[in-house]
Undergrad: 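Let me give you the structure first, and then I'll get to my questions.
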Amino acid sequence: MSQRQILVTSALPYANGPIHLGHLVEYIQTDIWVRFQKMRGHRVIYVCADDTHGTAIMLSARRNGISEEQWIDTINRQHQQDFAGFDIQFDQYGSTHSAENRQLCAQIWQQALSKQLIASRDVQQLYDPEQKTFLADRFVKGKCPKCGAPDQAGDNCDKCGHTYSAIELVDPVSTISGAAPEIRSAPHFFFQLEKCREIVENWIARPGTLQSETANYLRGHFLSDTLRDWDLSRTAPYFGFEIPDQPGHYWYVWFDAPVGYIATTWQWCQAHGESLNDWWRNPNAEIHHFIGKDIVYFHTLFWPAILHTAEYELPTRVHVHGFLTVNGRKMSKRDGTFIRGRKYLEHLQPAYLRYYYATKLGDNQDDLDLNVPEFVEKVNSDLVNKVVNLVARCAKFGAQTGLAAQYPDDEGRFAYAAAQSDAIAAAYDAGELSRAMRLIMELADRANQFVDQAQPWKLAKSPDQTERLRDVVTITLNLYRQLAIYLAPVLPTLQQQSAELLGAELQDWRMAQVPLLNQTIGTYSHFMQRLDIKDVEKMIEETKHENASAAATSDSGAVAPTATVDSDAALLAEPLAAECTIEDFAKVDLRVARIVSAEEVPEARKLLKLVVSLGGDQTRQVFAGIKAAYEPADLVGRLVVIVANLKPRQMKFGLSEGMVCAAGGGGTEVFLLSPDSGAVPGHRIH
RNA sequence: GGGCCGGUAGCUCAGUUGGUUAGAGCAGGGGACUCAUAAUCCCUUGGUCGCGGGUUCGAGUCCUGCCCGGCCUACCA
């Protein structure tokens with residue numbers, strides 16, 4: 001087997017919030033793959049970095065009253081701690097806000113310019129005069145120019161589906177300051193991707209570059225048409241790198257972020273006396289990116305074009321994975337399933353999650369479900385009952401006898417497991433971790449069968465059977481050792497514990513071919529505790545409470561605020577409306593009402609059809625956009641607040657005769673208002 | 001509306017280029033054992049392979065229509 005040279009990356013986490021279990025799918029998947037390749041004796045480096053630029057970072061820093069640099073430093077430290085807590089081992093962890101990255105971006109930019117791939121033209125954009133910043137689409141709200149629906153973002157209307165440019169919005173408002181934005185024109189710099197079409201097409205068509213579904217998606221979605229120019233610049237103020245010779249213009253975060261892969265490699269090279277070109281301009285070196293399916297677009301169209309422009313090698317393979325769901329549903333703050341890595345580590349061992357993810361991951365983009373009962377069951381029955389228990393049940397004898405000097409006849413058991421090495425390795429290499437885990441568990445079953453047949457506990461009772469006992473121990477512990485080696489990429493802690501007990505390292509894949517002999521055995525203490533579902537539930541419960549009290553922020557960003565100070569994220573996301581008088585307010589008749597029936601509107605994505613009672617025989621039919629947040633059955637009977645004198649509106653599914661009051665940012669983040677006890681249907685709210 | 005992925009035992013999934021009686025783990029039932037973290041081992045129940053057509057000597061596997069779920073995207077590749 002020839003030695004491969006492999007550079008591996010995971011996507012750069014955005015420096016705007018903590019690492020959660022969804023992120024960890026990717027880092028654990030990558031770390032397992034990297035550890036495996038290292039055990040195989042290949043020359044591998046695993047690099048990653050924080051993605052630190054963009055408007056969102058700027059706003060987070062402002063909100064916290066610190067500089068952007070302070071903000072990203074803090075986040076970087078937290079990220080690295082979180083990763084270390086899950087045994088994710090980078091060779092280099094950097095930041096896109098580094099000198100190396102700035103220099104590389106400038107070089108690549110220069111090459112793009114000299115190859116005439118950059119075009120400049122003026123773009124009209126909304127500008128917030130108070131915050132003195134141009135506004136990205138998601139920082140503007142206004143009425144849809146087509147259907148007039150209020151509170152629509154700057155790119156499309158979620159009511160009628162119309163797409164438009166932010167400057168077409170009627171009565172736009174900056175969601176950062178609440179000010180009315182102005183239209184300003186500014187030059188922007190575009191990368192002309194179409195000019196690189198052939199490069200990208202050939203790369204995508206090359207076998208092995210992409211999973212077929214990704215290649216299909218790109219071909220159908222983008223390559224069938226002219227590739228649009230890509231806006232690579234943003235106008236000040238912006239937290240990022242200023243474009244050389246273009247004061248006031250910054251590279252868009254998605255330009256400098258992937259360059260961070262190279263910059264971080266460079267940092268590693270500097271620290272280890274290696275050459276960057278040996279990794280990025282060496283056709284014999286492999287480059288593997290692990291990413292989520294949400295960022296395929298950036299890594300498979302622009303990125304190869306940019307690499308080619310800068311005369312770097314194109315990625316060997318982009319491994320795309322799906323999203324994490326919990327108990328079959330999207331992670332949600334309301335359900336307490338938006339679990340931070342740090343919270344997980346307060347309650348549970350990293351090995352549990354690493355193993356569980358491994359049993360669920362294949363080389364595909366399917367979403368991965370963290371099903372809590374299944375999680376507990378898999379960890380307990382596979383890892384604890386089968387694998388760890390194998391040592392536990394013979395460690396006592398092992399300490400007495402040690403390992404024999406010659407490997408006894410085991411009827412081909414060790415040889416069988418040694419022969420599985422290639423199949424297991426092939427599965428790991430192909431990213432088919434679930435297959436690898438199945439193969440390994442089959443070996444664990446076989447080993448336990450052996451112990452049952454050999455009955456060492458009986459041998460231990462007769463002094464004349466000491467030698468046979470030693471043989472049985474030798475076989476069992478060697479079968480176990482093979483398991484520990486095969487599982488080492490997933491369970492580095494177990495690898496270490498096993499090495500200590502056996503008094504010999506397990507860092508090389510080939511060690512599974514040769515039995516360990518003539519060795520004293522250490523004292524065993526439990527390698528792993530059983531997982532109690534109560535601990536998992538407790539973790540989810542705590543997460544739920546923290547989210548509730550931390551004034552859940554609208555995006556995944558925002559570091560948890562201190563206990564006594566609520567985050568201002570909600571207010572920033574939706575600034576105060578213009579002042580109104582008491583007379584204005586009096587026009588709105590808010591009433592307490594009781595929900596008497598609630599049903600799904602099957603054709604509607606967001607709506608529930610409610611009938612509410614105002615007391616007596618007064619009822620109203622109301623459509624409410626709360627489908628994602630509430631089960632109809634849970635609503636019947638509860639008191640809510642409605643706008644009782646709202647002009648009825650004919651909707652696609654029927655007439656809506658009012659509006660149910662709720663707080664929150666929409667989607668699953670919807671919280672109905674309820675009155676304190678004592679209020680009855682019909683009470684007006686003053 | 002379009003695209004992609006999936007629908008195999010109660011649950012999670014395997015089923016290689018179509019080839020005998022469709023498999024595993026867990027759960028359920030029965031038994032054994034007591035070294036071990038109420039762990040382990042043996043036996044066992046359980047499937048119209050989403051539904052309907054078609055190709056074939058033969059279809060879970062190929063073609064086609066439909067149904068369901070997930071994701072992506074939108075005057076629409």
Undergrad: With A/T214, which residues qualify under side-chain hydrogen bond (donor to acceptor under 3.5 Å, both in side chains), at least two apart?
TA: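 A/Q365.
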Undergrad: Would you say the side-chain atoms of A/Y407 pair up with the backbone N or O of A/N478, donor to acceptor, closer than 3.5 Å?
TA: no
Undergrad: Residues in side-chain hydrogen bond (donor to acceptor under 3.5 Å, both in side chains) with A/S10, at least two apart?
TA: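 By the side-chain hydrogen bond (donor to acceptor under 3.5 Å, both in side chains) rule, A/S10 matches A/T30, A/Y46.
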Undergrad: Is it the case that more than 12 heavy atoms not belonging to A/H347 sit under 6.0 Å from its NE2 atom?
TA: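 More than 12 heavy atoms, drawn from other residues, nucleotides or ligands, come within 6.0 Å of this atom.
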Undergrad: Does the protein touch nucleotides 6-14 of chain B at the base, only the backbone, or not at all? Give it as B, S and - per nucleotide, heavy atoms under 4.0 Å.
TA: ------SSS
Undergrad: In this structure, how many angstroms lie between the C1' atom of B/G23 and the CG atom of A/L439, rounded?
TA: 14 Å
Undergrad: Distance check, C1' atoms only: B/U45 and B/G28, in whole angstrom units.
TA: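 Pairwise C1' distance, B/U45 against B/G28, rounds to 8 Å.
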Undergrad: Rounding to an integer number of angstrom, what distance separates B/A36 and B/G31 when you compare their P atoms?
TA: 24 Å
Undergrad: I want to check one thing: is the phosphate of B/C42, taken as OP1 and OP2, less than 4.0 Å away from some side-chain N or O of A/Q449?
TA: yes
Undergrad: Determine whether a donor-acceptor pair (N or O, by modelled atom type, separation under 3.5 Å) exists between the side chain of A/Q29 and the backbone of A/A358.
TA: no
Undergrad: For RNA chain B, what is the dot-bracket line, given that a base pair needs Watson-Crick (N1 to N3, plus N6-O4 or O6-N4) or G-U wobble (N1-O2 and O6-N3) geometry with both distances under 3.5 Å, and | means paired with another strand?
TA: (((((((..((((.....[...)))).(((((.......))))).....(((((..]....))))))))))))....
Undergrad: I'd like the P distance from B/G15 over to B/G47, given in whole Å.
TA: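 Nearest-Å result for B/G47 against B/G15 at atom P: 23 Å.
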Undergrad: Tell me whether A/T209 contacts the main-chain N or O of A/W203 through its side chain, where contact means a donor paired with an acceptor under 3.5 Å.
TA: yes
Undergrad: Using modelled atom types and a 3.5 Å cut-off, is there a donor and acceptor pairing between side-chain atoms of A/Q519 and backbone atoms of A/A504?
TA: no
Undergrad: Roughly how many Å is it from CD in A/E442 to P in B/C26, rounded to a whole number?
TA: 13 Å
Undergrad: Given atom CG of A/L443 and atom P of B/G25, what is their separation to the nearest angstrom?
TA: 14 Å
Undergrad: What does A/Y524 touch in the nucleic acid at a heavy-atom separation under 4.0 angstrom: a base, only the sugar-phosphate, or nothing?
TA: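 The answer is base, as A/Y524 lies within the cut-off (heavy atoms under 4.0 Å) of a base atom.
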Undergrad: More than 12 heavy atoms of other residues, nucleotides or ligands under 6.0 Å from CD of A/E467: is that the case?
TA: no
Undergrad: Which residue in the set A/W254, A/Y297, A/F191 passes ring pair (Phe, Tyr, Trp, His ring centres under 6.0 Å) when paired with A/F302?
TA: A/Y297
Undergrad: Say you pick atom P in B/A9 and the same atom in B/A14; how far apart are they, in whole Å?
TA: 12 Å
Undergrad: For the pair A/N448 (side chain) and A/K386 (backbone), establish whether a donor and an acceptor sit closer than 3.5 Å, ignoring hydrogens and angles.
TA: yes
Undergrad: With a non-hydrogen cut-off below 4.0 angstrom, is A/F397 in contact with a base, only sugar-phosphate, or nothing?
TA: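 It contacts sugar-phosphate atoms only.
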Undergrad: 5'-most contact on RNA chain B: A/N389 or A/D445, nearest heavy atom basis?
TA: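 Mapping each residue to its closest nucleotide by heavy atoms, the 5'-most match is A/N389.
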Undergrad: How would you list, by chain and number, every residue that makes a side-chain hydrogen bond (donor to acceptor under 3.5 Å, both in side chains) with A/E442, sequence neighbours excluded?
TA: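 Partners of A/E442 by the side-chain hydrogen bond (donor to acceptor under 3.5 Å, both in side chains) criterion, ordered by chain and then number, come out as A/Y416, A/R446.
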Undergrad: Determine the contact category for A/V388: base if any of its heavy atoms lies under 4.0 Å from a base atom, sugar-phosphate if only primed atoms, P, OP1 or OP2 are that close, otherwise nothing.
TA: base
Undergrad: Which distance, rounded to the nearest 0.5 Å, do you find between the CZ of A/R481 and the CG of A/L483?
TA: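 Between atom CZ of A/R481 and atom CG of A/L483 there are 11.5 Å.
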Undergrad: A/Y356 OH to B/G25 P: how many Å, rounded?
TA: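 So the two atoms are 19 Å apart, to the nearest Å.
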Undergrad: Quantified in whole Å, what is the P atom distance between nucleotide B/C49 and nucleotide B/U61?
TA: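 Looking at atom P only, B/C49 and B/U61 are 10 Å apart.
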Undergrad: Let me spell it out: for each of A/S381 and A/Q529, pick the nucleotide of RNA chain B with the closest heavy atom. Which residue's pick is nearer the 5' end?
TA: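 Result: A/S381.
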Undergrad: Indicate whether OP1 or OP2 belonging to B/A36 is found under 4.0 Å from a side-chain N or O atom of A/K396.
TA: yes
Undergrad: Indicate yes or no for a side-chain donor-acceptor contact from A/Q211 to the backbone of A/V320 under 3.5 Å, with no hydrogens or angles considered.
TA: yes
Undergrad: Write down the distance between CD (A/Q211) and P (B/G3), rounded to a whole number of angstrom.
TA: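 Interatomic distance, CD of A/Q211 to P of B/G3: 22 Å.
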Undergrad: A/D294 has an atom CG; how far is it from atom C1' of B/C71, in whole Å?
TA: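 One finds 11 Å between C1' of B/C71 and CG of A/D294, rounded.
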Undergrad: So, A/W33 side chain and A/D429 main chain: donor-acceptor pair closer than 3.5 Å or not?
TA: yes
Undergrad: Rounding to an integer number of angstrom, what distance separates B/U44 and B/G58 when you compare their P atoms?
TA: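 To the nearest whole Å, 33 Å.
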Undergrad: Can you check the A/D382 CG to B/A24 C1' distance for me, whole Å?
TA: 11 Å
Undergrad: Which part of the nucleic acid does A/M528 contact within heavy-atom distance under 4.0 Å: base, sugar-phosphate only, or nothing?
TA: base
Undergrad: Select one nucleotide: of B/C35, B/U37, B/G25, the one nearest the side-chain heavy atoms of A/K386.
TA: B/G25
Undergrad: Considering only atom C1', compute the distance from B/C68 to B/A32 and round it to an integer number of Å.
TA: 45 Å
Undergrad: Figure out the CD/C1' separation between A/Q365 and B/C72, and round it to whole Å.
TA: 10 Å
Undergrad: In whole angstrom, give me the gap between the C1' atoms of B/U55 and B/C63.
TA: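 After rounding to an integer number of Å, I get 7 Å for this pair.
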Undergrad: Could you pull out the protein-nucleic contacts involving nucleotides 29-34 of chain B (nitrogen or oxygen on both sides, under 3.5 Å)?
TA:
none

